[in-house]
Amino acid sequence: MNRIFSGIQPTGNLHLGNYLGAIRNWVKLQRDYECIFCIVDLHAITVPQEPAALRAATREVTAAYIASGIDAEACTIFNQSTVPGHSELSWIFSCITPLGWLNRMTQFKEKAGKQRDNAGLGLYAYPVLMAADILLYKGTHVPVGEDQKQHLELARDIAGAFNRRYGVEYFPLPEPQIFGTATRVMSLRDGTKKMSKSDASEFSRLNLTDGADAIADKIRKAKTDPHPLPEAAEGLAGRPEAENLLGIYAALTDKTLEATVAEFAGAQFSTFKGALSDVAVAVLGPIGAEMKRLMDDPGYVDGVLRRGAEKAGTMAARHLREVQDLVGFLRP
Ligand code: TRP
């Protein structure tokens, strides 16, 4: 049985990077796998969140999943906090995870910065919760961005540690599914930085709910360099902005980077940006419009999440009982 688990944190604006790097790939995978797509609100509170904003963002991510083409009937869509098993399994995993494994996590080092002693325990334990997310459903495949690869390796290590500790083959070792380089979307203001919801500049990203005018405006103002576009992909070396914009075009049109470079060989940025705007509006426009429609109907969105929580909760409870038995917790 192949089962996918993946999730996005409900923390602020969803942007093109979330779409090309995650959601769009999930839409394709749902045909071939049993899929569980989570809105990971427990992960979101590893850094401070405004309660009302967290609730709104949870609905927004759900709307993005549905608007992008994830089938809410065939897949399970739910928010993490509705299934208490995530926290419970996370605790059990905490007890078999050596600190040394967590100390290697580069994302914690980056997020905690120099203020390590002020970082919360939750931020540190974040990858253990992520392992629990996947393994609570015995997930076998996990589509994630390159930046989550290390966390996935830890999830495999934790699954192995559990199996060894209890002398069982209970948890599968989940496989990462990392998608191509074209899905690494960089900031429109700086081709060396990832497109991010926390960037202070709105002009650094295309939000999924941006209208056609905003999309065109942001692409027009996107950073470039003074040269025409290269004749071949090798000519992109040292030109991060050109590479990023061509990569976005390639991803949006489902072409290779090489084919896209050939299409615009020698063109001025202004010409290319017009074409990029058109495809960005064509792809993002309908998704953004559908998201807005769904966000105006929170009753529908909450209904999807409620049904998802029920489906997820049933499977989670069954697995958790098996784990409790293996660990030796008495269920009187
Ligand atoms: N850590 C992931 C991210 O920030 C989100 C996440 C939480 C996740 N739990 C997960 C992704 C389980 C895949 C599987 O992108």
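One-based numbering, in listed order, for ligands and for the atoms of each. Sequence positions, counted from 1, serve as the residue numbers for this chain. Scope of the values below: all heavy atoms of this structure, side chains included, with no hydrogens, waters or symmetry mates.
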Just grab all the side-chain hydrogen bond (donor to acceptor under 3.5 Å, both in side chains) pairs involving residues 154-177, residues at least two apart or on different chains. Y33-Q177, Y170-E322
Residues lining ligand 1 [heavy-atom distance under 4.0 Å, listed by chain and residue number]: F5, S6, G7, Q9, V40, H43, Y126, M130, D133, I134, V142, V144, Q148
Answer with yes or no after comparing the ring centroid distance for H319 and Y137 against a 6.0 Å cut-off, counting only values under it. no
Would D199 and R189 satisfy salt bridge (charged side-chain N to carboxylate O under 4.0 Å, His left out), going step by step from the backbone distance to the final call? CA-CA 10 Å; D199 196 310; R189 306 300 283 173; over 6 Å; no
Mark yes or no for whether D296, through its side chain, and R293, through its backbone, hold a donor-acceptor pair below 3.5 Å. no
Can you check whether T140's main-chain N or O pairs, donor with acceptor, with R3's side chain at less than 3.5 Å? no
Quick check against the 3.5 Å criterion: does K223 have a side-chain atom that pairs as donor or acceptor with the backbone of D190? no
